[in-house]
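Here the structure comes first, spelled out in structure tokens, and everything after it is commentary.
In what follows, chains carry the letters A, B, and so on, assigned in the order in which the sequence lines appear, proteins first and then strands, with residues in each chain numbered from 1.
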Amino acid sequence: GQNIDQPTEMTATEGAIVQINCTYQTSGFNGLFWYQQHAGEAPTFLSYNVLDGLEEKGRFSSFLSRSKGYSYLLLKELQMKDSASYLCAVRHTGRRALTFGSGTRLQVQP
Amino acid sequence: GAVVSQHPSWVICKSGTSVKIECRSLDFQATTMFWYRQFPKQSLMLMATSNEGSKATYEQGVEKDKFLINHASLTLSTLTVTSAHPEDSSFYICSAITGYHNEQFFGPGTRLTVL
């Protein structure tokens with residue numbers, strides 16, 4: 001089965017850096033995804049990791065360690081519009097569907 | 001990027017009626033579509049996987065006779081909530097993938113309220 005854990009809520013200051021952690025347990029790992037979701041809207045894709053290491057895309061970076069079952073999403077130069085829920089999702093070997101964590105609600109303050 | 005639409009964006013219905021939600025991939029052919037449900041302040045829960053031309057695969061605990069899924073073409077999947085009850089009120093989101101992309105492309109969601 002799959003078990004995905006991430007913090008429920010985080011608060012950060014505009015212009016700062018925040019790291020959102022995600023740990024997972026799965027019998028067959030085939031990729032980890034990060035999505036951003038604003039209230040009442042559908043998730044939007046942020047990043048995808050399947051190999052160990054850091055993937056950078058503008059202000060957003062995502063890191064994966066498969067041996068530790070660990071990933072983080074790093075947001076730099078925080079903006080007020082970054083206030084949203086961030087969902088960690090794992091794809092299991094042999095399945096194309098994703099299993100989502102409960103999400104981390106990030107509040108960016110002035 | 002790939003665009004997925006859903007219709008309607010919101011619907012209010014009386015208890016006992018049926019509601020159909022459409023999910024369309026607008027600029028690509030979706031070999032597989034997924035239906036998720038999201039309750040307030042909770043994450044997305046997969047309900048079923050829909051493959052074009054075959055029966056949907058339902059997750060454990062999801063009643064296939066209550067949540068009817070039809071994937072008639074490579075660009076359209078429909079979810080029908082039959083005999084809806086207030087506990088079915090939720091945010092229903094579909095997503096689609098192709099053979100060329102790793103990420104799922106999500107529709108904008110449909111908010112269902114059953115009175």
Quiz prompt | Donor-acceptor contact present, side-chain B/S43 to main-chain A/G103, <3.5 Å | solution = no
Practice problem: Indicate if A/F60 and A/L74 have the same hydrophobic cluster label, given that clusters are the connected sets of ILVMFWY residues with side-chain heavy-atom separations under 4.5 angstrom. | Solution: no
Quiz item: A/I17, A/L75: one ILVMFWY side-chain cluster at the under-4.5 Å cut-off?
Solution: no
Quiz item: Hey, is NE2 on A/H38 packed in by over 12 heavy atoms from elsewhere, all under 6.0 Å?
Solution: yes
Quiz prompt | Heavy-atom pairs under 4.5 Å with chain A, option from B/L44, B/T49, B/V4, B/T32 with the top count | solution = B/L44
Quiz item: Does atom CD of A/Q19 have more than 12 heavy-atom neighbours from other groups under 6.0 Å away?
Solution: yes
Practice problem: Verify the neighbour count for atom NZ of B/K66: are there more than 12 heavy atoms of other residues, nucleotides or ligands below 6.0 Å? | Solution: yes
Exercise. Answer yes or no: is there a side-chain heavy-atom contact under 4.5 Å between B/N51 and A/R96?
Key: no
Quiz item: Using a cut-off of under 4.5 Å for heavy-atom pairs, which of A/A39, A/G31, A/G101 has the most such pairs with chain B?
Solution: A/G101
Self-check item: Winner by heavy-atom pair count (cut-off under 4.5 Å) against chain B, out of A/A89, A/S85, A/G40
Solution: A/G40
Quiz item: Run the side-chain contact (heavy atoms from CB on, under 4.5 Å) check on B/Q104 and A/Y35 step by step: do they pass?
Solution: CA-CA 10 Å; B/Q104 290 187 18; A/Y35 284 85; 3.7 Å; yes
Quiz item: B/L115, B/F91: one ILVMFWY side-chain cluster at the under-4.5 Å cut-off?
Solution: no
Practice problem: Spell out, yes or no, whether B/W35 and A/L98 are grouped together once hydrophobic residues are joined by side-chain heavy atoms under 4.5 Å, including indirect joins. | Solution: no
Quiz item: Hey, any chance B/L74 and B/L76 share a hydrophobic cluster, counting ILVMFWY side chains that come within less than 4.5 Å of each other, even indirectly?
Solution: no
Exercise. Verify the ring-centre separation between A/F100 and B/Y36: is it less than 6.0 angstrom?
Key: yes
Self-check item: Selection from B/Q42, B/M45, B/E59 maximising heavy-atom pairs under 4.5 Å formed with chain A
Solution: B/E59
Self-check item: Closest heavy-atom pair and its distance - B/F106, A/P43
Solution: CB-O, 3.6 Å
Quiz item: What are the two closest heavy atoms between B/G107 and A/A42, and how far apart are they?
Solution: O-CB, 2.6 Å
Quiz item: Tell me, side chain or backbone of B/I93 under 4.5 Å from chain A's heavy atoms, or both, or neither?
Solution: side chain
